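Structure record follows, encoded as C-alpha cells.
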Amino acid sequence: MRGNLVNLNVNPCKMCMPMGVMTAMYGIKKCVSILHGSQGCSTYIRRHMATHYNEPVDIASSSLTEEGTVYGGEKNLLQGLLNLIRVYHPEVIGVATTCLAETIGEDIGRMIERFYEEHPEHKDITIIKIPSAGYKGTQYEGFMTALYHIVKTVPMNPEKHSKVNIITGQLSPADTRYLKELLAEFGIEYILLPDLSENLDGGHLHTYSKLPQEGTDIRMIEKMAGARMTIEITISIDEKNSAAKYLYDTYDVPYIRCNLPVGLRDNDEFLRILAKVSGNAVPLKTLKERERYIDAMIDSHKYNGEARVAIYGEPDFVVSTARMCVENGIMPMITATGSKYPKLRELLEQEIMTVSEAFFIDDYKIIEDVDFQTIEEYARDLKVNLLIGNSDGRRISETLEIPLVRRGFPIHDRMGGQRLRMFGYEGALTLIDEITNEILGRKERTFRENLYQQYYIREESSTQISEEAAAAVHNWEGDDSMENELVKRQTIEEKTAKHPCYNCQAHQYARIHLPIAPKCNISCNYCLRKYDCPNESRPGVTTAILSPKEAFLKFMEVKTKVPNLSVVGIAGPGDALANFTETKALLTLIRKEDKDITFCLSTNGLMLPQYANELIALGVSHVTVTMNAIDPKIGAQIYKYVDYMGTKYYGETAAAILLSNQLAGIRMLTEQGIICKVNIVMLKGINDHHIPEVVAKVKELGGVITNIMQMIPVKGSVFEELPLVTNKEIMQMRVKCGEIMKQMYHCKQCRADAIGTLDSDRSSEFQTGNQKEAPLVDKEYLDGMDSENPSPRLPEEAEASQQVTTPKLYMAVATKSGIIVDQHFGQVSEFYVYEYTKGNAVFKEKRPVNQYCKGSAECGEGTDKMDLLIQTIADCDAVIAMRIGDGPKVKLGQKGIKTFTTYDKIEASVLWAANEIKKLP
Amino acid sequence: MNVMNRVLDQYNSKVYKNRKEHMVGVNNNENNNEIAANVRTIPGIISQRGCCYAGCKGVVLGPIKDAFIITHGPIGCAFYSWGTRRHKAKKDEGVANYLQYCFSTDLQEPDIVFGGEKKLKQAIVEAMELFRPSTIMICSTCPVGLIGDDIHAVAKWAEKEYEIKCIAFSCEGYKGVSQSAGHHIANNQLVRYVIGEGDRKITNKFSVNLLGEYNIGGDGWETERLLKRIGYEVVSTFTGNSSMDDLKNSHQANLSLVQCHRSINYIAELIETKYGIPWMKVNFIGVDATIETLRNVARYFGDSELTARTEEVIADELDSIQEDMEYYKSKLKGKSAAIYVGGSRAHHYQFLLNDLGVHTILAGYEFGHREEYEGREVIPFVKPDADSKNIESITVEPDPEKYHVYLSEEDLKRLKEEKLIDYYGGMVKDMKDGTYMVDDLNHYETEEFLKLLKPDIFFSGIKDKYVAQKSGILSKQLHSYDYSGPYSCFRGAVNFARDITMGIYTPAWSYVKSPWKTAPVLSGSLGGEAVC
C-alpha cells in the first residue's frame, strides 16, 4: 500500500480548474470563452468535452508564446477578444486564466478595462473574468468559481420579483432537463444558472450555430439580485465560491442549500423544498415515480446486498451516490474524491456505518485528494465488486475484472455520457437497476462454477464420504493407514473445495485455528519468540495457549455457533510438529467427534519426515510448509539456528538440515495425496530473486500452491530494519511464479487463533476464561519462559519493574457491548472509563456524553459538540475505540489524549494500550 | 468571388491578410504554391492546434512503453494527455509497460510559489519505491519554466542516485507555435541521451528503422509484419510499440524509413550525420503508395533476391485484397474529401483515397512546416522567426566508432540526386490543380469551407468532428481512427475502405438533410478596424 506517498499522483482522479470554468460557461446563452494561456489548454479541454458530450466545443485561446511569457500577454488577449467577437458575435465572453497566466501574474481586470476603453463599440458585450489557475483546485472548484464570478460581474438589477434562483454544479444535460421540467410542474418561475442542457446536448438541426443559442440569458442573470430566494443544489461548495452566498451578502437574497436530488431521501427533501417554495403539492406523476422507485428498492434488495462498491468522482457526486447506495443496502466500501474535501468523511461516515454495521463489515475507506492508483489498491484489498464513476475507472475495471457503472464526467469510452440521468426517483431507479443488473450479471457468469465447486457431490464419491467417515473411525482405533490413505485420495478434492485458505472460491467457509503449539524448534530472523510465529500469524498479539483438552472444548463451542466451520487448523503459535504430542492428542479428540472436518496444519518442516506418516494416519489432509529457500547459503541468512534432535545447529549447517527435511517431508506427503501448500516469506535482498527457484522446486515435489508473503517486521527481531518489499513487487512475483504453478493471492496472514471466515475474524467472541487467569502482560512472560532462548525475558523484566512506578492511567473506552471495544468514537453515547494500575485494568464508571455526531442532518455544528465530548473525557489519558476519525484524533492529540483503535476485549485492549503508552518517550 | 475569398470575407483586413497567406489554390503549372506555415496562431481564432507539451509528451515520448513519464506541473496537463492517443503497444516479457498509467507531480499553489523541484525529487523517490522503472522521463508544463525549476539537474541527480536513465524535457506549453516544437525537443533529447547506447546483435543487413510511426490503431504492427515478410529486420520504431532498448539500438540499422516527416525528421537527419544511416521518406498509407515504398526500399538495398521477394510479397498481398478493394471502390468512386490533420497524414491519406476513387479537394496540416506542403527544397528560403529560434537546434559529429555505411559514396550520391533518399517532396505536388491547401484551418473556416466545397467526407480530429456532423457531412477521425484501424499497407487499406463505405452508406444519413441543401450560404461583410 502506498501509505503516505503523496508526491507522485498516479492516474489522477481529477482535472483542473479551467475545465470546470469552460463547462460552466457553456451554460450561458450566446457566450464564448477564451483561455488566457498557451493554446494546449484550450485544445485539451475541448477534446475532453467533445468526447463526453459528442458536440462541437468552441473555446478560444490567446495562444501565448514564449514572447508572451516575457512581455505579458495583454496584446494577445486584446487581439483575441476582437477576433472572437468578429467571428462569433457573442453577448457574453468568459475570460479564464490558466497556470501560465496566473504564474506570470496577468492583470486581466485591467486588460478588460483597456479593451472597453479602446473599443467602446463593444461596451454592450459583458466580459467576465474568472481566475482559474490549474494548480488551485479541480474542475469542481472551477465550475463553482465561474458561477460566482458571473453573478459578481454581471451588472445586477436588484428590483424584486417572484422568480427563484436555482444554482447548480456540473450536472448532466439529462439531469438539468429533469430539473427544469420539475420546476415547471411545480409552477415555480426560476432563473437557472447555468443551463448547459441544450448547448452540450443539442439535436440535429437544419442549421448549426457555433454560438450557443440556449442557456441562461444574461438578462435573466441580471435579475438574480431581485429574486425571492436562491436554491443552491450542491453541498460540497466552499463558501468563498458560492454564488448564492454572494447574492445573499450583497443583495439580501435568502438562500437554501441542498443535496443533489438523488435517491429517496434527497429527492423527498428536494420536493419538500419545492412544495414549500411554490405552495403547490408534489405532482401526482412524481409521487407515482416515488412509489415505483420504492417498489424497485424492495425488489432488488437481495442482490444489492451483495454489492461492495467503490464510488469516485466529484464530491457532490460521491456523497449523493453513496447516500443512494446506503438506502439500497449497497455497501460503499470506497468513497473517494480527487478534490481536497476533508468534510467528506463527516458527511458519509455515519451513513456508511448503517450498512457496514448491519452487514458486519469492519473496514471501508472514505478518502479525499486521492488518485486512481490508491483507489485500485483499496478496491483489491477490500474486495470491491462494482465501481461507480467516470470512464477513468475503466483501467481498474479491466485489471481487477470489476464491472463499472458509468456516471459523472468524463465518459469518453461510451456513447451518451451526457444523457445519463441520476436525478429524480426515475434517475435513481435507472441507476439502481443498472447496479443491480451488474451484480446479477456477475453472479450469472460465475455461480454455476462456484456451486459446482463448493456443493456438488459427485455420484461416485458421495458414498465414499461415509466410507471415509467409517474408515476414519476405524483408523483411530485400528490405525490402518493404507486403507485410510485410499479413502482420503478420493475425497481430498472436496475438502480442498471447502478450505478457505486453499480455494479462493471457498471464503464463505470458516476455519478455526487452535493455538496448542507454543514451542518452536527453529529461529527465524524475522521472528521474535515472545510473539506468535510470523510464518502463519500476525505478530504483536500473542495467543493464549490452550491445552489439547481446552482446545477441544473450544472447538465444540465454536462448532455450535459457526455452522459453516469446515477446517480445523493448527498454526502455532510455535510449530505444530515441535509440539507433536499435543497436536496428536487434539486431532484424535476432534476426529472422534467430527468425522468430516478437514485437518490442516502448518509447520516449518523440520520434523516432517519423522511425523508425516503419523499425520496422514491422523487424517490430516492439508499441510502448509514454510520454506523460504532451497539454497543453504540463502537459508543461512534467514535462520539463526535449528534445534534438531536435541542439538542446536547454526549457519549453513542449520539451513541444510532444515532444507533436506523439508524436501523429504513434502515429498512424503504429496506422494500420499496430501495437499501441500508452501509459504514463502519474501525478504528484500535475501531471497527475493531466489523465489522462482523455490516455487519450481515445490512444483517438482508435487505441492499444489505456493503463497508468497510479505515479511511482517517485528520489533526486536533481526530483520526489524530490513526494508519491506512492496505489495506490487509481491504481486509481480506472484504473477511471475504463477507461470510455474498456482499462487495464493488471497492470504490474510491470520492469527494463530483465528476463527471464522477469512473476511471476518470472530476470535474475540470466543476468548475464553483462561484469558482472565492469564492477563496479556503476564502471558508474554509465559511465552518467554517457554522459549528456549531466555534472553527475550530480560527486557520484559525491566518493563515489569517499570510497571510498578507507572502512575495510574485512565482510559475511555468506546463500547456498546461492554465486553469488546466495538464502537466508533463518533457514535459513543457513553464511555466506559477504566483505570490501569500495575498491570491491571479495572472498570471505574460509565460516563454518558452527548453524541456529537448523529448524521449529516445535525452535523453542521459538529465541531462544537466534539469539543464538548472531549471535555467529558478530558481527565483521561487515552481513548480506545474501534475506529476514530482524523479530526477527533487530532483534537484529542492536542489535549494530550492518546487514541488507540482495536477490536478486542476491553481489558486486553486497556492493557495493550497501557503498554503502548509506556513505550512512548 | 472564389471560395477562399468567401471564407476570408468575414475577417477584418489584418486577419484577412494573415489568413490569406495560409491558403493556397493549388496550381502546379505556375509553380506558385507558397504557403505560410509554422507561424503563430492568431489569438481568439479557434485553432485546432495543441501545445509544445502535447507534441513532446503526447506524440513522441508517449508511445515508449517502458518510459516512466512524469508530467511535472499542475494536474490538468497530465490528465488530458492520459490515454488520449491510440498508440498501441504489446506487453513484452521483461519490459515494463506504463502506457495505461499517468504520472504527475500535481503541483499545488505553494509549489508554484516556492518551487517544485523538491516535490519532483520526492515523486521520483516514490516512483522508484512503487514501480522501480529503468527509465524516467520528466516533461515540464507551462508554470515549471516560469518558476525556474531545474528539471535537468533533478534528472542528473536521479541518474546518480538510482543508476537509472532519467531524461528531462523542457517542453513547456508556450514554447514554439504548435505541437511541432515539442517534437523537436523530444527528438533532441533522444539523440543526445538514448540513440547509440544499445549493443543488440543485428545480423540482418536489410535492417531498417521505422521513424515517425506511432502505431495508432496498430498501423505500425501491420507495417512491421509486411517488412518482416519481405525479409527486413525492423531494429526500432520511433516510437510506436517501442521499448527504450529498441530506441537505443537504432544506430545499428542500415536505413531509416521516415513515415511522419514532421515529427521525426530531426532524428532522421541527426542519426545520418552521426551514424551514417541515410533516410528515405516512405508512405505505407495507400495500396499504390505502399507498393512504391517497398520498391524504393528494395532499390536502396540493391539486392536481387530481396527485390524478387519484394515483388512476390506485393503480388501476394495484392491478391488477398483486390476483390474487396474493387468492391469498395465501386461504392466510393467519385466521392470527394477534405482532410485536415497532423503534419503528414493529410498528405498520406490522399494516396489511399485515390486508390478508392475519392478525390481530395482540400487538405491542410495543423502543425506542418512549409516543407510538408511544398517540399524540402523550400527549407533554405524559410526565414527563422523568434519562435523557431527559441527551440534549440542541436548539431552532432560523426561517431568515431559507430559510424557505418551501407552504400558506396557514388551510390549514395546517385540516390540522393534521384531524390530517393534524404528528400521529401511535400504534399502539393500530389494535389490536383484547383484544389485547396489550408494551413491551421480553424473552427470557423472549417465550417465555411465545408459549406462551400460540400465534400462527402471530412477527415479531421475529434474537435472538428462534430462541426462536420452537425453540418450533415460524414466525419472520419484520422487521429484516433474512431476506434478502428489499422489502416496501413494492404490489409489496412481494406479496413479503411470498409469504414468509409459503412460511414457513407449508413441509413442514418438519409434522414438528415445537409443544411447547405436548404439554407443559403452565408452573406459576409467587409472588415473594419485594423487589428490582428
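What you are looking at is a predicted structure, and each value in this text was computed from that prediction instead of being measured. Just so it is clear: chains get the letters A, B, ... in the order the sequence lines come, proteins before strands, and each one is counted from 1.
Taking B:Ile112, B:Thr71, B:Ile45 one by one and counting their heavy-atom pairs under 4.5 Å with chain A, the maximum is reached by B:Ile112. For chain B, the option among A:Cys99, A:Pro56, A:Ala60 with the highest count of heavy-atom pairs below 4.5 Å is A:Pro56. Of all the listed residues (B:Lys118, B:Lys465, B:Gln122, B:Lys121), the one sharing the greatest number of non-hydrogen pairs under 4.5 Å with chain A is B:Gln122. Residue with the most contacts toward chain B among A:Gly134, A:Ser62, A:Gly73: A:Ser62 (heavy-atom pairs, distance under 4.5 Å). In terms of heavy-atom pairs under 4.5 angstrom with chain B, the leader among A:Ile104, A:Asp58, A:Leu64 is A:Asp58. Counting heavy-atom pairs under 4.5 Å between each of A:Ile85, A:Thr399, A:Thr51, A:Asn54 and chain B puts A:Asn54 at the top. Note: B:Gly50 leads B:Gly76, B:Ala386, B:Gly50 in heavy-atom pairs under 4.5 Å with chain A.
The environment of NZ in A:Lys684 is crowded: more than 12 heavy-atom neighbours from other residues, nucleotides or ligands sit within 6.0 Å.
Of all non-hydrogen atoms in B:Gln100 and A:Asn11, the two that sit nearest each other are O-OD1, 4.0 Å.
One finds the CD1 atom of B:Ile75 at 12.5 Å from the CE atom of A:Met19 (value rounded to the nearest 0.5 Å). Atom CZ of residue B:Arg132 and atom NZ of residue A:Lys728 lie 11.5 Å apart, to the nearest 0.5 angstrom.
Taking 4.5 Å as the limit, every side-chain heavy atom of B:Gln469 sits out of range of all side-chain heavy atoms of A:His204. Residues A:Pro12 and B:Cys102 are in side-chain contact: their nearest non-hydrogen atoms beyond the backbone lie under 4.5 Å apart. Between A:Lys210 and B:Ile46, the closest side-chain pair of non-hydrogen atoms is not below 4.5 Å. Between B:His443 and A:Tyr88 the shortest side-chain heavy-atom distance falls below 4.5 Å. The closest side-chain heavy-atom distance from B:Tyr174 to A:Thr65 is not below 4.5 Å. Residues A:Val6 and B:Asp106 form no side-chain contact, since every pair of their non-hydrogen atoms from C-beta on lies 4.5 Å or further apart. Contact of the A:Gln373 side chain with the B:Phe131 side chain is registered, since non-hydrogen atoms from C-beta on lie closer than 4.5 Å.
When the heavy atoms of residues 40-47 of chain A are compared with those of chain B, the residues falling under 4.5 Å are A:Gly40, A:Thr43, A:Tyr44, A:Ile45, A:Arg46, A:Arg47, listed by number. For residues 77-84 of chain B, heavy-atom neighbours of chain A at less than 4.5 Å comprise B:Phe79, B:Tyr80, B:Ser81, B:Trp82, B:Gly83, B:Thr84, sorted by residue number.
Both the backbone and the side chain of B:Ile462 come within less than 4.5 Å of a heavy atom in chain A. Contacts between B:Phe68 and chain A at a heavy-atom distance below 4.5 Å involve the side chain alone, from C-beta outward. In this structure, chain B has heavy atoms under 4.5 Å from both the backbone and the side chain of A:Lys14. Using a 4.5 Å cut-off between heavy atoms, B:Glu447 contacts chain A through its side chain alone, with no backbone atom that close. Heavy atoms of B:Ser178 lying under 4.5 Å from chain A belong to its backbone as well as its side chain. At a 4.5 Å heavy-atom cutoff, the contact between B:Ile70 and chain A is made by side-chain atoms alone. For A:Val87, the parts sitting under 4.5 Å from any heavy atom of chain B are the backbone and the side chain alike. Contact annotation for B:Arg40: only side-chain heavy atoms (C-beta onward) come within less than 4.5 Å of a heavy atom of chain A.
A donor-acceptor contact shorter than 3.5 Å links the side chain of B:Glu126 to the backbone of A:Leu8. Looking at B:Lys470, its side chain does come within 3.5 Å of a backbone N or O of A:Gly203 through a donor-acceptor pair. For A:Asn9 (side chain) and B:Ser104 (main-chain N/O), no donor-acceptor pair under 3.5 Å exists by modelled atom type.
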